[in-house]
A.B. asks: 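Next up is a structure, given as structure tokens.
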Amino acid sequence: MTPASQSARSFLVRLGGEVTTKSRRVRQRFQQKLVQNLRDALAAHQVPFRQVENQWSRLLVQGDDSATEVLRRTFGVQSFSPIEGFAPCQLEQIVQIGKQLYHQRVQGRTYAVRAHRSGGCRLSAQRVNETLGAALNPGATVNLDRPEVTVHVLMTPQGAMFYHQVIPGPGGLPVGVQGKAVALLSGGFDSAVAAWHVLRRGVELHYVFFNLAGAAYQRLVVSVAKVLADLWSYGYRPQLHVVDFEPVVRALRTQVNPKYVQVVLKRLMYRAGSQVAQEIDAQAIVTGEALGQVSSQTLKNLAAIQPAAQVLVLRPLIGLDKEDIIAQSRTVGTYALSCKVQEYCALVPEKPVTAARIEAVDNEEGKLSPELLPPLVQQRRVLDLRRLEVEELVVESIYIDHVPQGAQVIDCRPDYQYDAWHYPGAINLPLEELIDNFKHLQRRRCYVLYCPFGLQSAAVAEKMQQAGFEAYSFRGGTAALRRWMQAQGITEDDPLVPDPRD
Ligand code: ATP
Ligand code: MG
């Protein structure tokens, strides 16, 4: 045991009863995984002096004060205590050092000394309680039932350790001991909290996101996934699989009875999620469904969606109320981001079916081409969440080579150029005016900006994306836009196409 150096700190880490009651072989595996996860967590957060020692009945972790935050978020840690001092396992030394450490702290307060023996230490715990308890006495009062300060002395064959705090960890099992699953992540409150519960039970989790609403939405969901990856997922490299679902949305709008759109959409999510799970050797998909929360989550509708799953479906929130889920999202750290995601609700038909019959859903789903889904899953993007900086996604998706249906086009050139020619339906907001005023634009629309070369408008589109807008710059500027119009057969007299999301 190395005594703590100036700013280094040691922590005593306790494992949960669920780990310690396992057979020796299983416990060994779980503890080794926890050691590995803690090493990864300390390194990921650049905690100095990092070391993890497996002492079987406990772990000893070296770090500095910043390790506290890591220990609070590593699943499998039941509780932990910052160690305040060490002493050889002899009565006089324990009393002398214990007095130095706690004399001030217990002044004017009630206290108790609790000594614990672990391993082969011969000293009687009761003697330590009495002798150190008496030595701390002047100016303080012993209260064994409800002390304000509890001085703990853990006596081990290697020496005695002192601590007075017991800080709860997140509990659960070390991530990775329960195999692998994929969580369907929409970025809303539910799916992030659902993922957290499954991580907490020791599952190595990867994420699948079906993008229904463009780049700005995607960036928010990536941010949610990054919170789960950076704060709660240690010992492996979590991935986010991004599947473009815009073609699915288009097909649903045109081919499926609107009442069934939600239920069929969920089936397609189950199918695509299962395909990803099977490809990465995962045993289950995880969803944030809670019984009766929305129309697609009635018991009958869940039963009608279920047959689309090719792997086990885990629904850890099935019995929870929305308020409880939202409260839990604060613990997870996704609350603020999920609030923003709520603004991007896609595809809510007026009167969705609430008690779908399986045959009717089969029939509606059967209207879609079987060729629709597999290529979209094949062409998905896989992001390494730990490595990824959310800003990277901005630069990658700043340019666009077409005008999406319903987009608002903004001509960023001076007004005399706009008067001479502009894209049909485009509004004129010269660059400076746009920079000052874009915050007042409607958030749920998609914007395509153009200027003579598409470069200055790219800078503004980037600013808009950073502020949460879906905005792009037309690659190549005015000339390229005119060429694209010609190729599409769009004439200058074409009316403005309405936004399907309005
Ligand atoms: P959340 O349930 O996360 O708040 P939501 O309310 O928008 O999101 P629901 O319609 O309740 O989503 O969908 C139920 C579940 O289906 C979600 O919890 C999530 O697991 C999955 N899901 C929904 N939309 C998506 C999506 N775009 N990408 C991935 N999974 C999704
Ligand atoms: Mg939901």
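What's counted below: heavy atoms across the whole structure, side chains too, no hydrogens, waters or symmetry copies. All of these numbers come straight from a predicted model, not from anything done at the bench. Each ligand, and each atom within it, is numbered from 1 in the order the structure gives.
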A.B. asks: Number the atoms of ligand 1 from 1 as they appear, then name those within less than 4.0 Å of a heavy atom of Lys266, with their elements.
C.D. replies: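 Matching atoms, with element in brackets: 9 (P), 10 (O), 13 (O), 14 (C), 16 (O), 23 (C).
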A.B. asks: Enumerate the atoms of ligand 1 whose separation from the nearest heavy atom of Thr287 is less than 4.0 angstrom.
C.D. replies: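 Answer for ligand 1: 20 (O).
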A.B. asks: Answer yes or no: is there a donor N or O on one side and an acceptor on the other, between the side chain of Arg200 and the main chain of Gly171, under 3.5 Å?
C.D. replies: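 No, because the side chain of Arg200 does not come within donor-acceptor range (under 3.5 Å) of the backbone of Gly171.
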A.B. asks: Quick check, are the ring centers of Phe245 and Phe210 under 6.0 angstrom apart?
C.D. replies: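 Yes, ring centres under 6.0 Å apart.
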A.B. asks: With a cut-off of 4.0 Å, which atoms of ligand 1 are near a heavy atom of Phe189?
C.D. replies: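 Taking each heavy atom of Phe189 in turn, ligand 1 has 4 (O) under 4.0 Å.
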A.B. asks: Examine the proximity of ligand 1 to Phe210 and report which part, side chain or backbone, both or neither, has a heavy atom under 4.0 Å away.
C.D. replies: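 Both of them.
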A.B. asks: Which residues pass the salt bridge (Lys or Arg N to Asp or Glu O under 4.0 Å) test with Arg380, sequence neighbours left out?
C.D. replies: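 Once residues adjacent in sequence are excluded, the partners of Arg380 under the salt bridge (Lys or Arg N to Asp or Glu O under 4.0 Å) criterion are Glu279.
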A.B. asks: Heavy-atom contacts with Gly288 under 4.0 Å: which atoms of ligand 1 show up? List them by number with element.
C.D. replies: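 Matching atoms, with element in brackets: 17 (C), 18 (O), 20 (O).
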A.B. asks: Between Arg381 and Asp244, is there a side-chain N and carboxylate O pair less than 4.0 Å apart?
C.D. replies: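 No, Arg381 and Asp244 are not salt-bridged.
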A.B. asks: Does Leu184 reach ligand 1 with a nitrogen or oxygen that is under 3.5 Å from one of the ligand's nitrogen or oxygen atoms?
C.D. replies: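 Yes: some nitrogen or oxygen of Leu184 is under 3.5 Å from one in ligand 1.
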A.B. asks: Cation-pi between Arg413 and Tyr418: NZ/CZ under 6.0 Å from ring centre and within 45° of the ring axis?
C.D. replies: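 Negative - Arg413 is either too far from the ring of Tyr418 or too far off its axis.
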A.B. asks: Is the backbone of Val47 close enough, under 3.5 Å, to the side chain of Arg50 for a donor and an acceptor to pair up by distance?
C.D. replies: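 Yes, because the side chain of Arg50 sits within donor-acceptor range (under 3.5 Å) of the backbone of Val47.
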A.B. asks: Under 4.0 Å from ligand 1, counting heavy atoms only, is it the side chain of Gln262, its backbone, both or neither?
C.D. replies: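 The answer is neither; Gln262 stays 4.0 Å or more away.
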A.B. asks: Under a 4.0 Å heavy-atom limit, does Leu185 contact ligand 1 with its side chain, its backbone, both, or neither?
C.D. replies: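 The backbone, only.
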A.B. asks: Is any side-chain N of the basic residue among Arg201 and Glu18 closer than 4.0 Å to the acidic one's carboxylate O?
C.D. replies: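 A salt bridge links Arg201 with Glu18.
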A.B. asks: Give the numbers and elements of all ligand 1 atoms closer than 4.0 Å to a heavy atom of Met269.
C.D. replies: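 Counting from 1, the qualifying ligand atoms are 22 (N), 23 (C), 24 (N), 25 (C), 26 (C), 27 (N), 31 (C).
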A.B. asks: Against heavy atoms of Val208, which atoms of ligand 1 measure under 4.0 Å?
C.D. replies: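 Near Val208, the atoms of ligand 1 are 29 (C).
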A.B. asks: Below a 4.0 angstrom heavy-atom separation, can you tell me which part of Val221, side chain or backbone, both or neither, approaches ligand 1?
C.D. replies: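 Neither; no heavy atom under 4.0 Å.
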A.B. asks: How far apart are the C-alpha atoms of Asp384 and Arg237, what are their side-chain angles, what is the distance that settles it, and do they pass the salt bridge (charged side-chain N to carboxylate O under 4.0 Å, His left out) test?
C.D. replies: CA-CA 7 Å; Asp384 176 342; Arg237 301 294 293 245; 3.0 Å; yes
